[in-house]
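For reference, the structure discussed in these notes is given below.
Side-chain atoms are counted along with the backbone in the values below, which use heavy atoms only and exclude waters and symmetry mates. In what follows, chains carry the letters A, B, and so on, assigned in the order in which the sequence lines appear, proteins first and then strands, with residues in each chain numbered from 1.
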Protein chains: 2
Amino acid sequence: MNESKIVAGLAALAHEHRLRIFRLLVKRGPTGMPAGEIAQRVGIGPTNMSFHLKELDRAGLLHATRDGRYVRYAVHVEGMRRLLAYLTEDCCQGRPELCGEAFAAAADVCAASKGARK
Amino acid sequence: MNESKIVAGLAALAHEHRLRIFRLLVKRGPTGMPAGEIAQRVGIGPTNMSFHLKELDRAGLLHATRDGRYVRYAVHVEGMRRLLAYLTEDCCQGRPELCGEAFAAAADVCAASKGARK
DNA sequence: TGCACATTACAATAAGTCTTGAAATATTGC
DNA sequence: GCAATATTTCAAGACTTATTGTAATGTGCA
């Protein structure tokens with residue numbers, strides 16, 4: 001995975017409105033939500049919303065599909081996964097005895113989300 | 001966890017040099033590394049390095065400890081964990097049947113890192 | 001076709017971030 | 001105390017990003 005793509009993904013999320021958009025769509029799941037409804041919930045104008053959605057799309061974190069006169073946006077899960085993976089990759093030189101319990105908490109977060117799936 | 005702290009954390013990582021610094025220190029583990037050595041490996045000057053380390057520190061992703069005439073920087077694991085947790089929180093309205101296998105991959109990444117610990 | 005609604009593109013201004021060098025601070029060993 | 005090394009602070013300039021209004025595009029329906 002390309003470093004600059006990861007930077008783009010992080011930069012896309014590093015904004016109050018875009019983070020809210022992203023989390024809203026993470027919660028919503030693959031159904032997604034039309035741009036206008038997102039704008040209403042996040043509380044910003046349509047021009048500004050379009051700008052931010054484009055940023056998230058370009059970063060590979062959302063994808064857009066036209067649905068009649070609406071455009072629905074939904075989370076792009078694979079893009080999200082890559083981001084999380086990149087940040088934790090090769091922790092402690094691959095020798096976990098060096099970090100001990102350091103990453104246990106991080107692992108547990110994800111284990112919990114996995115548990116919630118079934 | 002405060003939204004603006006998460007934004008600060010993501011913004012801190014959303015930069016080529018800072019992402020390299022962070023990953024370098026994730027790989028290194030809790031031992032950390034002196035600022036000068038980080039600068040050398042990442043290939044930027046000391047002034048600029050100090051600027052970026054301060055950003056990561058302020059965002060709660062690193063912590064600094066003085067070690068003689070050096071200052072060692074190491075990953076702040078709890079800050080990192082909060083960031084990852086926030087992004088995946090409440091996926092699919094807590095009803096995983098909505099996203100199906102969507103987040104399995106993300107969970108597996110972390111499960112793998114957990115597996116690597118023992 | 002023509003009107004209404006949803007979204008995007010463009011342009012301008014405002015605001016924030018990155019990089020650099022020179023100077024300041026902290027620590028060690030003589 | 002003084003010189004050497006490590007790191008940080010400060011200030012200036014270049015660069016990038018966010019916001020806003022207005023205009024354009026795309027779609028559905030009468």
Contact class for Arg18(A) vs. all strands (heavy atom < 4.0 Å): base, sugar-phosphate, or nothing?
sugar-phosphate
Calculate the interatomic distance between Arg66(B) atom CZ and dA26(C) atom C1'; express it in whole Å.
5 Å
Parallel under 30°, tilted from 30 to 60°, perpendicular over 60°: which one fits the rings of His15(B) and His52(B)?
tilted
Report whether Leu56(B) and Val42(B) are members of the same hydrophobic cluster (ILVMFWY, side-chain heavy atoms less than 4.5 Å apart, transitive linking).
yes
How many Å lie between CE on Met33(B) and C1' on dT7(D), as a whole number?
17 Å
Interatomic distance where NZ belongs to Lys54(A) and C1' belongs to dA9(C) [whole Å]:
7 Å
Would you kindly confirm whether Val75(B) and Tyr70(B) end up in one hydrophobic cluster when ILVMFWY residues are joined by side chain heavy atoms under 4.5 Å apart?
no
Please give, in whole Å, the distance from dT7(D) C1' to Leu53(B) CG?
10 Å
Tell me whether the OP1 or OP2 atom of dA6(C) has a side-chain N or O from Tyr73(A) closer than 4.0 Å.
no
From C-beta outward on Phe51(A), which listed nucleotide comes closest to its side chain: dT8(C), dT19(D), dT7(D)?
dT19(D)
Among dA6(D), dT19(C), dC5(C), the one nearest Arg69(A) by side-chain distance:
dC5(C)
Nearest whole Å is fine: how far is dC18(C) C1' from Leu19(B) CG?
16 Å
Between His52(B) and dT17(C), is there a side-chain N or O to OP1/OP2 distance below 4.0 Å?
no
Please determine, for the side chain of Pro46(B), which listed nucleotide (dC18(C), dT27(C), dT7(D)) has the closest atom?
dT7(D)
Approximate separation, where rounding is to 0.5 Å, of Leu25(A) CG and Arg72(A) CZ:
10.0 Å
Looking at residues at least two apart in the chain, or sitting in another chain, which of them share a side chain to side chain donor-acceptor pair (under 3.5 Å) with Glu37(A)?
Arg41(A)
Heavy-atom check, side chain of Tyr86(A) versus side chain of Leu19(B), under 4.5 Å
yes
Between the protein and nucleotides 21-24 of chain D, which nitrogen or oxygen pairs are less than 3.5 angstrom apart?
unit_1	atom_1	unit_2	atom_2	d
dT22(D)	O4	Thr47(A)	OG1	3.1

Answer yes if Val71(B) and Phe22(B) sit in the same cluster of Ile, Leu, Val, Met, Phe, Trp and Tyr residues linked by side chain heavy atoms under 4.5 Å apart, and no otherwise.
yes
Distance test, side-chain N/O of Tyr70(A) to OP1/OP2 of dT8(C), below 4.0 Å:
no
Atom CD of Glu55(A) and atom C1' of dT7(C): how far apart are they, to the nearest Å?
16 Å
From the options dT20(D), dT8(C), dT19(C), select the nucleotide whose nearest atom is closest to the side chain of Asn48(A).
dT20(D)
Between dA18(D) atom P and Leu13(A) atom CG, what is the distance in whole Å?
12 Å
Whole-Å gap separating P (dT16(D)) and NE2 (His15(B)):
11 Å
